[in-house]
Amino acid sequence: MTAIQRGGSRGRGLAVVLMCLCASASMAQRVDKPLDVGGDRPWALGVPRDEQQAAQALFFEGNERLRESVFVEASRNYRRALRHWNHPAIHYNLALALMNLDQPIEVHKHLKAAMGHGPEPLDAGRYEHARSYNALLEKQLAWVDVRCDQEGAVVTLNGQALFTAPGRYQALIRPGVHSIVAFKDGYLPTEKRQPLLPGEKAELHLELYTEDEVIRYRRRWSAWIPWTVLGVGVVAAGGGGLMHWKANEAFRDFDSRIDPKGSLLEGELSALRRTGSRFHAGAVGAYSLGGAAAVTGAVLIYLNRQRAFRLNPEESGPSMVIAPALDSESKGVVGTVRF
């Protein structure tokens, strides 16, 4: 699998949407009115009065920070307030602060919570703002549904643990390429690199396999090819040895027939010397050819050793998917090619 990333134009995508949301949020009126401490509203049931008062104090502090555009401090105060009282208005103002901190997933979560009891805790105008923001966010984010049934497997998304199987994870995430991994002792890890488009919904079912189920072995060439080359080298070298022996025999015969008095060579002696020289030259050539072939065969045997590769039972053929890669600094396109 290979990923091909190509740069795109700036000023588009999720970052632009969030900028528009932030601009709209700055114009939208935050909830400044008291939180009806001591009332009998549905969102106040079961919350002690002192807890409501503590939440309201933190809520007002958060409003001050939000008015001053100190968004980190504002969000911290609102989160602390929610620990005392899960009030829709606190969720709403926290969403306004988070819009300015480039946290669209959290914004969506708190806007949903703010709308949980209808328009009454916010008023009709703010409720409509929340509904419009949420609808726009859902078109710019992606939805994943990750499931794994293998008992004890740990499932992660981009390195962050999601759940221990059997289990399921359903949530909005940023568009782009995401890595979903499931792993367990005794099994090979399963990874899916999923490109997601804005507004896309993806269902991912992760299955784990043992090594015996998916590991196969292969060679570069048929096993007989390098062994044949080695065999040719050995035979050639053996032929060279035979010719070497014949050459030595011819030279010994030649030496035994030389006249000690140094008489001129006769025709038979000349033939013996030529025969020995031919066998000697042939032996040298055979040694050279046999040695080269044997070394080549040995190298090919090493290169042709079995190599492990993993089957992917879920892939039936080549495919290509293209998705945007978006962050707060740059935009682009990511394509995933599988073959």
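For the single chain, residues carry numbers from 1 onward in sequence order.
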Full working for side-chain hydrogen bond (donor to acceptor under 3.5 Å, both in side chains) between His91 and Tyr78: CA-CA 8 Å; His91 284 288; Tyr78 291 138; over 6 Å; no

Taking every non-hydrogen atom, the tightest pair across Gly38 and Arg49: CA-NH1, 3.4 Å

Worked check of salt bridge (charged side-chain N to carboxylate O under 4.0 Å, His left out) between Arg174 and Asp102: CA-CA 11 Å; Arg174 290 176 180 264; Asp102 189 24; 3.1 Å; yes

Chi angles and distances behind the salt bridge (charged side-chain N to carboxylate O under 4.0 Å, His left out) call for Lys201, Asp145: CA-CA 8 Å; Lys201 296 182 179 181; Asp145 182 351; over 6 Å; no

Minimum-distance pair of heavy atoms, taken over all atoms of Asp32 and Phe60: O-CE2, 3.5 Å

His280 NE2: over 12 foreign heavy atoms closer than 6.0 Å: no

Flag if over 12 foreign heavy atoms under 6.0 Å of CD, Gln306: yes

same_hphob_cluster(Val72, Phe59) at 4.5 Å side-chain heavy-atom cutoff: yes

Straight-line distance of Arg168 CZ to Glu203 CD, nearest 0.5 Å: 7.0 Å

Separation between CH2 of Trp143 and CD of Glu200, rounded to the nearest 0.5 Å: 14.0 Å

same_hphob_cluster(Leu82, Leu35) at 4.5 Å side-chain heavy-atom cutoff: yes

Heavy-atom pair with the smallest gap, counting every atom of Ala74 and Ala97: CB-CB, 4.3 Å

Residue pair Gln52, His84: steps toward the side-chain hydrogen bond (donor to acceptor under 3.5 Å, both in side chains) verdict: CA-CA 7 Å; Gln52 295 181 27; His84 296 279; over 6 Å; no

Parallel, tilted or perpendicular: rings of Trp85 and His87 (30°, 60°): perpendicular

Pro48: partners by side chain to side chain contact (heavy atoms under 4.5 Å, CB included), with sequence neighbours left out: Asp50, Glu51

Distance (rounded to the nearest 0.5 Å) between Leu98 CG and Phe71 CZ: 10.5 Å

Between CZ on residue Arg80 and CZ on residue Arg76, distance to nearest 0.5 Å: 9.0 Å

Step-by-step side-chain hydrogen bond (donor to acceptor under 3.5 Å, both in side chains) determination, His110 to Asn93: CA-CA 9 Å; His110 290 288; Asn93 281 13; over 6 Å; no

Within 45° cone and under 6.0 Å: Arg305 NZ/CZ vs Tyr302 ring: yes

For Leu45 against Asp40, the heavy-atom pair lying closest together: CD2-O, 4.3 Å

Of Leu94, Leu96, Asn100, the residue whose pairing with Ser75 passes side chain to side chain contact (heavy atoms under 4.5 Å, CB included): Leu94

Minimum heavy-atom distance between Gln150 and Tyr187, given as atom pair plus value: NE2-OH, 3.6 Å

Polar side-chain atom of Arg126 near backbone of Leu122 as donor-acceptor pair, under 3.5 Å: yes

Within 6.0 angstrom of Lys184 NZ, more than 12 heavy atoms from elsewhere: yes

Euclidean distance, His108 NE2 relative to Tyr133 OH, rounded to 0.5 Å: 15.0 Å

Lys139 atom NZ, over 12 foreign heavy atoms within 6.0 Å: no

Within-4.5 Å side-chain heavy-atom neighbours: Leu206 and Val146: yes

Separation between CG of Leu162 and CD of Gln170, rounded to the nearest 0.5 Å: 12.0 Å

pair Trp43-Glu120: side-chain heavy atoms closer than 4.5 Å: yes

Sidechain-backbone polar pair: Asn158 side chain, Ser179 backbone, donor-acceptor under 3.5 Å: yes

Asn304 side chain to Trp221 backbone, donor-acceptor under 3.5 Å: yes

Residue pair Ala142 / Leu196: nearest heavy atoms and the distance that separates them: CB-CB, 3.8 Å

Donor-acceptor pair, side chain of Thr190 and main chain of Glu207, under 3.5 angstrom: yes

Joint cluster assignment, Val31 & Val37, ILVMFWY side-chain distance < 4.5 Å: yes

Asn77 side-chain N/O to Glu73 backbone N/O, donor-acceptor pair under 3.5 Å: yes

Backbone N/O of His178 and side chain of Lys192: donor-acceptor pair under 3.5 Å: no

